[in-house]
Amino acid sequence: MHKHDAHLRSTPQNVIWGWIAADRAPVLRVASGQTVRIDTVTHQGINTPQDPVTFFGAAGIAAGDVLKDAAEIYGSVRREGTAGPHLLTGPIHVEGARPGDMLEVRILDVAIRVPYGVNATGPGSGAVPDLLEKPEQKIIKLDLKRNVALFATDVEVPLAPFMGIVAVAPPPEVKRVGTKPPGAFGGNIDFKHLVAGSTLYLPVFNEGALFYTGDGHACQGDGEVDGTAIEISLAPTMQLIVHEGAGRDMKWPRAEDATSYYSMGMDADLDQALKQAVREAARFLRGRGLSAAEAYALCSLAVDFRIGEAVNNVQMVYGVIPKRLFRRQSDYWAAKRQG
């Protein structure tokens, strides 16, 4: 277990079903720079007529391997009809965060809480909604010693756990948004590179930022094309750092890891999402001293643009900007602020 300053448990009082809310009271307060282990619970096995023990038991999961949190949430937390599908833990109030600031979210660790997950799909789901004729819920067991998902007899998928939803609350005049479509606040970006060692940057819209996370994934391909990944309960450890005034010019979230910077673009139209991601990448490159023409050219020569997710009403495209391109390196937020 990674060291942390606070531990936020996924009790019924600490979770919210289907909303990223600016009008919800904080369930934890931390100082900028502190680390938090955040327990999360997947909605899979809770959004069913059967209770979690019965649902997972049908696939051979022992009752003792079902999270107590899941059973408690199933019995006491209700989802409103217009809410999104996901269970989130939060919000966390980060002291000193104000509108116009930027919240740096360092992903220090992503712990797997249970050795199984769910892929759920069917008619109307995913990027090809007419591909299947009936609903499917596949419970997939994990071999944590070998770090693989046991998908089928001759198919094993490497695990790369990350949080599908990482968010701050939307502007206070909006009050709350459903958990399905992502936006400038982050949310359901399903960005598979947010594994341990990565960093996400979000603009702040409220006092305290009001930070949420949930929708754990054991692994996922770019696009998340059938509508879900291996949905699983995870416990990330995150460091939350406020950068004063650095979010004023942010249109979309940004990210980085040891090898790359990542620009993002979002829109209901995938073509428009691509254009947004290219604009964000070019803007970042201009901040590194390139002209507009040079930045656009480098996007074409050395930046890969990929579909992060194509299934959440608002779709996300991201650009992969290799750090090896630059002789001198600085962190993303500082480079953008200087630009």
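In what follows, residues are counted from 1 in the order of the sequence shown. Quick note: numbers below take in every heavy atom, side chains included, and nothing from hydrogens, waters or symmetry partners.
- Annotation for Leu132 and Pro123: closest pair O-CG, 3.5 Å, computed over non-hydrogen atoms.
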Subject >> Trace of the salt bridge (Lys or Arg N to Asp or Glu O under 4.0 Å) decision for Asp304 with Arg306 >> reply: CA-CA 6 Å; Asp304 291 326; Arg306 301 171 182 166; 3.5 Å; yes
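- Looking at Lys323 and Glu256, a side-chain N of the basic residue comes within less than 4.0 Å of a carboxylate O on the acidic one, giving a salt bridge.
- Ala295 and Leu285 get closest at one heavy-atom pair: O-CD1, 3.6 Å.
- Asn188 contributes a side-chain N or O that, together with a main-chain N or O of Lys180, makes up a donor-acceptor pair within less than 3.5 Å.
- Taking 4.0 Å as the cut-off between side-chain N and carboxylate O, Glu80 and Arg78 do not count as a salt-bridged pair.
- Side-chain contact check for Ser10 and Asp69: at least one donor-acceptor pair (N or O, by modelled atom type) lies under 3.5 Å.
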Subject >> Chi angles and distances behind the side-chain contact (heavy atoms from CB on, under 4.5 Å) call for Ile92, Leu8 >> reply: CA-CA 9 Å; Ile92 299 172; Leu8 181 59; 3.9 Å; yes
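- A donor-acceptor pair under 3.5 Å links the side-chain atoms of Ser198 to the main chain of Val195, judged by distance alone.
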**OP:** Carefully, step by step, assess Val118 and Ile230 under the rule side-chain contact (heavy atoms from CB on, under 4.5 Å).
**Re:** CA-CA 5 Å; Val118 181; Ile230 296 183; over 6 Å; no
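- The two residues Phe305 and Ala281 come nearest to each other via the heavy atoms CZ-CB, 4.0 Å.
- Under the 6.0 Å distance and 45° angle rule, Arg254 does not count as a cation-pi partner of Tyr261.
- Applying the side chain to side chain donor-acceptor pair (under 3.5 Å) test to residues at least two apart or on different chains, the pairs with a partner in residues 42-53 are Asp51-Thr54.
- With ring centers used as reference points, Phe191 lies 6.0 Å or more from Phe162.
- Although no hydrogens or angles enter the test, the distance criterion places no donor-acceptor pair under 3.5 Å between the side chain of Glu156 and the main chain of Val148.
- Ring-centre distance between Tyr201 and His243: not below the 6.0 Å cut-off.
- For the ring pair (Phe, Tyr, Trp, His ring centres under 6.0 Å) condition, the pairs that include at least one residue of residues 54-82, sequence neighbours left out, are Phe56-Tyr116.
- At a cut-off of 3.5 Å, with distance as the only test, a side-chain donor of Asp5 or Thr35 sits close to an acceptor on the other residue.
- Listed here is the closest heavy atom pair of Thr179 and His86: OG1-ND1, 2.8 Å.
- Sorted by first then second residue, the side chain to side chain donor-acceptor pair (under 3.5 Å) pairs that include residues 202-221, not counting sequence neighbours, are Asp215-His217, His217-Gln220, His217-Glu231.
- For the pair Ser263 and Ala277, the tightest heavy-atom approach, listed with the atom from each and the gap, is OG-O, 3.0 Å.
- Sorted by first and then second residue, the pairs that involve residues 27-39 and meet salt bridge (Lys or Arg N to Asp or Glu O under 4.0 Å), not counting sequence neighbours, are Arg37-Asp39, Asp39-Arg113.
- Because its NZ or CZ atom is not both nearer than 6.0 Å to the ring centre of Phe151 and within 45° of the ring axis, Lys141 does not count as a cation-pi partner of that residue.
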**OP:** List the steps, then state whether side-chain contact (heavy atoms from CB on, under 4.5 Å) holds for Leu298 with Leu290.
**Re:** CA-CA 9 Å; Leu298 193 57; Leu290 300 181; 3.8 Å; yes
**OP:** Evaluate the side-chain contact (heavy atoms from CB on, under 4.5 Å) criterion for residues Thr40 and Leu88: first the C-alpha distance (whole Å), next the side-chain angles of each, then the deciding distance (0.1 Å), finally the verdict.
**Re:** CA-CA 7 Å; Thr40 70; Leu88 304 185; over 6 Å; no
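- Panel note: side chain Asp109, backbone Pro236; no donor-acceptor pair is recorded below 3.5 Å.
- One N or O on the side chain of Asp257 and one on the backbone of Ser260 form a donor-acceptor pair closer than 3.5 Å.
- Atom-to-atom distance recorded for Thr121:OG1 and Lys134:NZ is 11.5 Å, nearest 0.5 angstrom.
- Gln276 places no side-chain N or O within 3.5 Å of a backbone atom of Ala273 that could act as its donor or acceptor partner.
- Under the 6.0 Å cut-off for aromatic ring centres, Phe205 and Phe185 do not qualify, their centroids lying 6.0 Å or more apart.
- Looking only at distances, a side-chain donor or acceptor of Asp101 sits under 3.5 Å from a matching main-chain atom of Arg98.
- Met266 approaches Pro253 most closely through the heavy-atom pair CE-CD, 3.6 Å.
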Mind listing the side-chain donor-acceptor pairs of residues 18-27 below 3.5 Å, one per line with the distance, residues two or more places apart or on another chain?
unit_1: Asp23; atom_1: OD1; unit_2: Arg176; atom_2: NE; d: 3.2
unit_1: Asp23; atom_1: OD1; unit_2: Arg176; atom_2: NH2; d: 3.2
unit_1: Arg24; atom_1: NE; unit_2: Gly90; atom_2: O; d: 2.8
unit_1: Arg24; atom_1: NH2; unit_2: Gln13; atom_2: O; d: 3.1
unit_1: Arg24; atom_1: NH2; unit_2: Val15; atom_2: O; d: 3.3
unit_1: Arg24; atom_1: NH2; unit_2: Gly90; atom_2: O; d: 3.2

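- Residues Val66 and Leu144 fall within the same hydrophobic cluster, defined by Ile, Leu, Val, Met, Phe, Trp and Tyr side chains chained together at heavy-atom separations under 4.5 Å.
- Counting non-hydrogen atoms of neighbouring residues, nucleotides and ligands closer than 6.0 angstrom, the CD atom of Glu133 reaches no more than 12 such neighbours.
- Judged by distance alone, with hydrogens and angles left aside, the side-chain atoms of Asn312 form no donor-acceptor pair with the main-chain N or O of Val314 at under 3.5 Å.
- Using a distance-only test at 3.5 Å, with no hydrogens or angles considered, no donor-acceptor pair links the side chain of Arg283 to the main chain of Gly287.
- Side-chain atoms of Glu309 come within 3.5 Å of backbone N or O of Val311 as a donor-acceptor pair.
- Listed by chain and residue number, Val128 satisfy the side chain to side chain contact (heavy atoms under 4.5 Å, CB included) test with Asp130 (two or more places apart in sequence, or in another chain).
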